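I have placed the structure first, in the form of structure tokens, so that the comments after it can refer back to it.
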Protein chains: 2
Amino acid sequence: MRTPERNATALDLVLELVVLLNEDMTRALARDGLTGSRARLLWELRSRGPCTQKVLADALAVSPRNITGLVDALAEGGFVTREPHPNDRRATLVSFTRHGARIARNLAEGREQLAELLFATMPDRQFDGLVDGLEALLARLRAELAANTSSTKGGRR
Amino acid sequence: MRTPERNATALDLVLELVVLLNEDMTRALARDGLTGSRARLLWELRSRGPCTQKVLADALAVSPRNITGLVDALAEGGFVTREPHPNDRRATLVSFTRHGARIARNLAEGREQLAELLFATMPDRQFDGLVDGLEALLARLRAELAANTSSTKGGRR
DNA sequence: TATTGTTATACTCTATAACTATA
DNA sequence: TATAGTTATAGAGTATAACAATA
């Protein structure tokens, strides 16, 4: 039987992981002149190709107003351009500049390199155990969030 | 031999965990009228007892100016008070109100409950594998951050 | 002279509401 | 009338720099 203390310690590990991962990624993004939110937008743009701000707002689950600001900053930084939409004159198409496309590739590369840094030297047995545990954790969290999101309102505590 | 794709997928699991955990905690804090930064301050205050803003600034690794703002908000919300420091008239002591102390206990309880939610029903074998993997992951991340922080300046990519 | 906390200023992320141009 | 994106306004977190009071 496991003690609550051991469970609490395991949660501490997860939370430290969150903090360190965040620091590492923030630092790496800053080297490219990016923030987390702006990088997320580039990431979406990369997987979707040129798209409207409305599409980006829905994809990132933020307000249209917020997208205006992020695209403003990314355009100013030379990462993206705003083009008129060919069919709908209300809309604008956000597209990569050459520089933006290069940086987006860098983001993808950086992520691969992070994955290798974290996992490449890990023995298979350990890796499998970690993945198995992470999947179990995610299943519990998803269930919890679904329960709390769906109006029920209660939640822990 | 593991493929880069499997490593990338494992990183995706970790990143999804980060996102969901963040959502869950943000939601829980909002129920107590708190944000992440304000809760972190309360958390420090709980483990240290009444202390100066300078101490809090160092503990949370943010600017003194930032602490002024957080304490302003927490004082306005009735979580903490500012008292004159007995020995040093430049400094102020930040202390819990009754309500703040109660909420801080709630935070600790909520964390225990989250740990139980995530781990209590997890088989020992799976739990051990997860903890083992997490520790290995953390070791790599700490090393990476230390390398990148210490002036070397290079880093991945 | 050094330290504590504040005011002043600024940047980022975020939201809602009102408005413009277009469908 | 509905939609895309903007301006206007606001709140939260963060930073640096200048300044006050006190050590």
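Lettering of chains follows the sequences in order, A, B, ..., and the numbering in each one begins at 1. Bear in mind that the values here come from a model prediction, so they are computed numbers and not experimental data.
- Residue-to-nucleotide proximity on DNA chain C shows that, of Pro64(A) and Gly36(A), the 5′-proximal contact is made by Gly36(A).
- Comparing dG5(C), dT14(C), dT12(C) by their closest approach to the side chain of Asn66(A) singles out dT14(C).
- Atoms CG (Leu34(B)) and P (dG11(D)) sit 18 Å apart, rounded to a whole Å.
- Of the charged side-chain nitrogens involved, none lies within less than 4.0 Å of a carboxylate oxygen, so that Asp32(B) and Arg38(B) do not count as a salt-bridged pair.
- No donor-acceptor distance shorter than 3.5 angstrom exists from the side chain of Thr52(B) to the backbone of Ala91(B), with no hydrogens or angles considered.
- For Asp24(A) and Arg140(B), the salt-bridge test fails: no basic side-chain N is under 4.0 Å from an acidic carboxylate O.
- As rounded to whole Å, 15 Å separates atom P of dA12(D) from atom CG of Leu29(B).
- Nucleic acid contact class of Asp58(B) (heavy atoms, under 4.0 Å, all strands): none.
- Between Arg82(A) and dG5(D), a side-chain N or O to OP1/OP2 separation shorter than 4.0 Å is absent.
- Regarding contacts with the backbone of dG5(C), every side-chain N or O of Thr68(B) stays at 4.0 angstrom or more from both OP1 and OP2.
- Residue Ser37(A) has a polar side-chain atom (N or O) positioned under 4.0 Å from OP1 or OP2 of dT14(C).
- Look at Thr92(A) and you'll find a side-chain N or O under 4.0 angstrom from OP1 or OP2 of dG5(D).
- Between the CZ atom of Arg38(A) and the C1' atom of dT12(C) there is a distance of 7 Å, given to the nearest Å.
- OP1 or OP2 of dA15(C) sits under 4.0 Å from a side-chain N or O of Ser63(A).
- The nearest whole Å value for the distance from the CG atom in Asn87(B) to the C1' atom in dT3(C) is 15 Å.
- Whole-Å rounding puts the Glu76(B) CD to dG11(D) P distance at 11 Å.
- For Lys54(A), taking side-chain heavy atoms from C-beta onward, the closest of the listed nucleotides dG5(D), dC13(C), dA15(D) is dG5(D).
- A salt bridge does not link Asp88(B) to Lys54(B): none of the charged side-chain nitrogens sits closer than 4.0 Å to a carboxylate oxygen.
- Under the 6.0 Å distance and 45° angle rule, Arg2(B) counts as a cation-pi partner of Phe127(A).
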Would you tabulate the pairs of protein nitrogen or oxygen atoms and nucleotide nitrogen or oxygen atoms of nucleotides 19-22 of chain D closer than 3.5 angstrom?
none

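- The distance from atom CG of Leu70(A) to atom P of dG5(D) is 14 Å, rounded to the nearest whole Å.
- In this structure, Arg46(B) is positioned above the aromatic face of Trp43(B), its NZ or CZ under 6.0 Å from the six-membered ring centre and within 45° of the axis.
- Looking at Arg82(A) and Ser95(A), their side chains never bring a donor and an acceptor atom within 3.5 Å of each other.
- A heavy-atom distance below 4.5 Å is not found between the side chains of Arg111(B) and Met25(B).
- Place Ala73(B) and Arg65(B) on DNA chain D by their nearest nucleotides, and Ala73(B) ends up nearer the 5' end.
- Between Leu56(A) atom CG and dC13(C) atom P there is a gap of 15 Å when expressed in whole angstrom units.
- Between His85(A) atom NE2 and dG5(D) atom P the separation is 9 Å, expressed in whole Å.
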